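Here's the structure we're looking at; comments come further down.
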Amino acid sequence: MEHLSDFASTQDIEDADDILFAHPARRVARWVCGCGEDYPCPEVRFALLVKGATERDAA
């Protein structure tokens with residue numbers, strides 16, 4: 001089946017089919033911070049760094 005358009009060549013369409021077959025969608029669970037960013041957000045990373053450094057110094 002030959003499909004030609006002004007936007008993409010036949011090879012482009014075949015390549016697109018191959019890419020879509022090789023990259024199916026999948027469900028991914030991820031942690032989200034209370035601020036809405038991926039967890040840990042930069043503020044949480046900073047807080048964990050500070051807590052980790054001060055707890056080691058106290059020990």
Side-chain angles (χ1 to χ4, degrees):
M1 178 178 162
E2 188 166 313
H3 183 284
L4 299 174
S5 73
D6 294 333
F7 178 73
S9 69
T10 302
Q11 185 62 50
D12 291 336
I13 294 168
E14 290 174 11
D15 291 346
D17 287 338
D18 292 342
I19 291 168
L20 293 172
F21 179 78
H23 296 265
R26 61 188 170 107
R27 184 176 301 245
V28 177
R30 64 185 177 119
W31 288 88
V32 178
C33 188
C35 67
E37 292 188 33
D38 286 340
Y39 185 85
C41 70
E43 290 182 20
V44 170
R45 277 190 233 129
F46 176 75
L48 292 171
L49 177 70
V50 170
K51 293 289 285 180
T54 56
E55 289 172 0
R56 277 185 244 139
D57 288 344

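Given the structure is predicted, the values throughout are model-derived calculations rather than measurements.
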Practice prompt. Sequence neighbours left out, what pairs pass side-chain hydrogen bond (donor to acceptor under 3.5 Å, both in side chains) with at least one residue falling in residues 40-52?
Written response: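 Residue pairs with at least one partner in residues 40-52: there are none.
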
Worksheet item: In the hydrophobic clustering that connects Ile, Leu, Val, Met, Phe, Trp and Tyr at side-chain heavy-atom distances below 4.5 Å, which members other than Y39 occupy its cluster, ordered by chain and number?
Response: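 Other cluster members: W31, V44, L48.
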
Run the side chain to side chain contact (heavy atoms under 4.5 Å, CB included) test against [X] and tell me which residues pass, sequence neighbours left out.
X: E37; value: C35, C41, P42
X: F46; value: V50
X: V32; value: R30

Side-chain donor-acceptor contacts of residues 13-27 below 3.5 Å, not counting sequence neighbours, with atom names and distances?
residue	atom	partner	partner atom	Å
D15	OD1	Q11	NE2	2.8

